[in-house]
Every structure is written in structure tokens, then in C-alpha cells.
Amino acid sequence: MFGVSFCAAFIEIFLSRFIHKLQNIITPVVTGTIIILIGIPLIKVAMTDIGGGFGAENFGSLENLMLAGIVLVSVILLNRSRNPMIRLAAVVIGLVLGMIVAFFMGRLDFSHLSSLPLVSIPMPFKFGFQFDLAAFIPLAILFCVSAMETTGDLTANSTISREPVAGPVYLNRIRGGVLADGINSMIAATFNSMPSTTFSQNNGVIALTGVASRFVGIYIAAILVIMGLFPVIGGVLQQMPKPVLGGATLIMFGTVAVAGIRVLSHAELDRRNMLIVAISVGLGIGVSTVPTVLQELPKTLANILGSPVATGAISAILLSLILPKSIKDEEQAGEEEKPVDTKKKLTRAGEKA
């Protein structure tokens with residue numbers, strides 16, 4: 001798996017070199033649709049966490065809902081504070097408050113931390129390096145889908161950060177982001193971890209805090225590298241109850257979907273574009289809510305189309321390429337051919353004279 005992931009990452013790296021030439025495909029209609037389809041399924045994830053997490057025995061209990069509600073309300077109230085530092089730390093304070101409440105509810109157990117090593121250094125290719133073509137092909141397709149999803153994430157990031165979503169600056173950001181996505185996945189495979197992709201939820205953090213500086217991202221990346229060397233830190237974070245996490249992420253995930261709507265608001269939603277959005281969003285949400293509709297397809301194809309982002313992105317791109325762009329011209333021509341009241345026209349001409 002790690003060997004195949006390492007090789008498949010080069011697919012995304014290769015795509016990043018000419019993705020800027022796909023301006024006719026990377027339109028606000030396509031990217032806006034992709035962003036909406038990224039955000040809506042994430043809301044389902046947040047609601048599952050609020051209920052207690054997938055497969056939880058006490059799913060939907062009042063205890064879980066109360067814990068998530070405390071975090072959700074605290075983040076909302078803190079985010080409306082006039083103090084900028086409190087607004088910036090709203091999500092973190094909400095999570096800490098939720099952890100404290102969970103501790104007094106007996107939901108935290110740190111007894112296993114004593115068995116964890118103090119420091120752990122990852123070993124490159126600890127499990128060896130092998131390649132299998134049958135596993136490579138579907139993963140290569142998923143990396144192509146990941147490039148489209150990254151494009152949508154970065155477009156949402158540009159929108160929320162008040163950066164341009166068209167032109168050379170925007171396209172350079174897309175190229176750099178997709179390139180970094182591929183390199184990150186290659187590094188992840190080297191250190192025995194699964195492929196990584198852009199984390200669209202962080203757009204919600206930007207919207208809540210108002211901080212979009214890349215330097216902050218660099219500092220946080222350095223902190224995460226250091227924290228990754230100490231398993232105890234990861235052990236503490238893993239104890240965070242799912243309702244605590246869900247209460248905070250619900251806002252962030254919803255913000256991602258709203259970012260997609262904002263991108264679409266900048267597009268000219270004529271009949272053609274509305275048709276593209278309607279069909280693509282419908283197909284994406286459809287396969288997400290009724291996954292059994294794909295059960296008769298080959299397994300590899302079903303796994304790809306089972307992703308609402310993949311289905312919606314493929315649909316939006318194909319429809320953008322297939323549907324003619326002359327519908328708007330026909331509408332304008334139709335308006336020009338409307339019958340004119342000759343009497344009124346002559347009257348106006350006489351008044352002008």
C-alpha cells in the first residue's frame with residue numbers, strides 16, 4: 001500500500017504542472033459545485049460525531065448531545081466577542097471546555113498513556129517497498145480526483161481569504177497547492193502513513209478566526225512535526241470524545257458548503273450553468289445518501305463514484321465541456337426578437353422630436 005501510494009503521488013505532481021492550462025474546466029461553476037459537495041457530506045460526519053461517533057453504543061444519547069451543545073454554543077458566543085484574541089481562540093477554547101466537561105462526566109481515560117514511549121522516531125519504509133499494478137491503477141484515478149478536490153478546496157480558501165479566484169495569482173496558487181498535495185502524499189508514504197490531501201475544514205477555521213496567513217500554517221506545521229515525535233500528545237488528543245469534536249466541526253463543515261455557494265454567486269448562473277450545478281450536486285448528494293445505487297457496478301468504479309466529490313466533479317466537468325455555450329446568446333436573441341409596439345415607438349419618437 002505504501003509503495004503504491006508513493007508511486008501514485010507522482011500522478012498528482014505531474015497534474016500540477018499543467019493544471020493551470022485547464023482554465024476552461026476550472027470555472028467558478030465547477031469549483032463551486034465541488035466545494036459544496038465537499039462541505040455537505042462533511043456535515044454528516046459532524047452530526048455523526050455529535051451523536052457519539054460511528055458505531056457508538058450510546059449514539060444519540062442526551063449526554064452526547066449536551067456535550068456537543070456546550071462546545072457548539074461556546075464557540076458561537078466566543079466568536080461574537082469584541083475581543084479579537086478571544087475570537088481567534090474560540091475553537092480551541094470550545095474544545096478545551098468540552099474536554100473539561102467530559103472529564104467531570106467520566107468520559108476521559110488516561111490510564112493507557114503510561115504504556116506509550118516518550119519519543120518515537122518514524123522509520124522510512126518500515127514495512128518495505130513493493131509495487132502492484134492492480135492496486136496502482138485505482139489509486140492513480142483517486143489521485144486525479146484528489147487534484148480536483150484540492151482545486152475546490154483552494155478556491156474556497158481563496159474566497160474566504162479574500163484572494164482572487166481567477167487570473168494568474170489564483171492559477172499559481174492552484175498549481176502550488178496540487179503540487180504540495182502530491183509531495184505530502186509521497187512523504188506520508190515514505191513514513192508509513194496513508195496519502196494526505198487538503199483539509200477543507202481548515203477553511204472553516206479561517207472563516208471563524210479571520211486568520212489566513214501562510215506563516216501561521218508554517219508555524220503550525222512545525223508544531224505538528226514536533227508533536228508527532230511524542231506519542232503521549234497523540235494519546236491525549238485521541239481521548240477527545242467524538243461529541244466534543246463534532247460540536248466544533250459542525251460550524252467549520254457548514255462554512256465549507258457556504259464557501260461553495262459564495263463561489264457560485266460570482267458565476268453567471270444562466271440556464272446552462274444552473275443545469276450543470278443542479279445535475280452535479282444532485283448526483284453527488286444522491287450517491288452519498290443512497291450508496292446502494294452503485295452496487296451493480298464493478299467494485300473499482302463503484303469505489304470511485306461512491307465519493308460525492310468525485311461523482312459531482314466528473315459530472316460538472318463533462319457537462320461544462322459537452323453543453324454548448326450558445327444558450328445565453330439564444331436567450332438574448334430571443335429577447336431582441338420580441339414584438340415591438342409600433343404605436344408606442346412612434347409616440348416616443350414624436351415626443352423626442
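Hydrogens, waters and symmetry mates are skipped; everything else that's a heavy atom, side chains included, is used.
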Identify each donor-acceptor pair in which a side-chain atom of residues 230-237 lies under 3.5 Å from a protein atom, sequence neighbours left out, and give them as a table.
none

Quiz item: Quick one: which of I34, V178, I35 gives a side-chain contact (heavy atoms from CB on, under 4.5 Å) with T151?
Solution: V178

Practice problem: Apply the test side chain to side chain contact (heavy atoms under 4.5 Å, CB included) to residues N273 and D270: give CA-CA distance (whole Å), side-chain angles for both, the deciding distance (0.1 Å), then the verdict. | Solution: CA-CA 5 Å; N273 290 339; D270 53 17; 3.4 Å; yes

Practice problem: Would you indicate whether I322, at its atom CD1, is surrounded by more than 12 heavy atoms from other residues, nucleotides or ligands within a distance under 6.0 Å? | Solution: yes

Quiz prompt | CE/M274: more than 12 non-hydrogen atoms of other groups inside 6.0 Å | solution = no

When you compare the side chain of [Y] with that of [X], does any pair of heavy atoms fall below 4.5 Å?
{"X": "Y170", "Y": "E163", "value": "no"}
{"X": "V287", "Y": "L305", "value": "no"}
{"X": "L108", "Y": "Q239", "value": "yes"}

Quiz item: Which pairs count as salt bridge (Lys or Arg N to Asp or Glu O under 4.0 Å) when at least one residue sits in residues 49-72, sequence neighbours excluded?
Solution: E63-R107

Quiz item: Given V45 and F54, is the side chain to side chain contact (heavy atoms under 4.5 Å, CB included) satisfied, shown in steps?
Solution: CA-CA 9 Å; V45 174; F54 182 77; over 6 Å; no

Quiz item: Which residues, ordered by chain and number, are linked to L78 in its hydrophobic cluster, where ILVMFWY side chains connect at heavy-atom gaps below 4.5 Å, directly or through other members?
Solution: I86, I93

Quiz item: Roughly how far, to the nearest 0.5 Å, is the OG1 atom of T249 from the NZ atom of K242?
Solution: 9.0 Å

Exercise. Could you tell me the separation between the CD1 atom of I174 and the CG atom of L179, rounded to the nearest 0.5 Å?
Key: 12.5 Å

Quiz item: Where do L97 and S74 come nearest, in terms of heavy atoms and distance?
Solution: CD2-CB, 3.8 Å

Quiz item: Listed by chain and number, what are the side-chain hydrogen bond (donor to acceptor under 3.5 Å, both in side chains) partners of Q130, not counting sequence neighbours?
Solution: none

Exercise. Return the set of residues passing side-chain hydrogen bond (donor to acceptor under 3.5 Å, both in side chains) with S315 (not counting sequence neighbours), or none when no residue passes.
Key: S280

Quiz item: Angle class for the F131/F136 ring planes (parallel below 30°, perpendicular above 60°, tilted otherwise)?
Solution: tilted

Quiz item: How would you list, by chain and number, every residue that makes a side-chain contact (heavy atoms from CB on, under 4.5 Å) with S5, sequence neighbours excluded?
Solution: M1, L139, A189, P195

Exercise. Could you walk me through whether M66 and S61 pass the side chain to side chain contact (heavy atoms under 4.5 Å, CB included) test, one step at a time?
Key: CA-CA 9 Å; M66 183 188 70; S61 66; over 6 Å; no

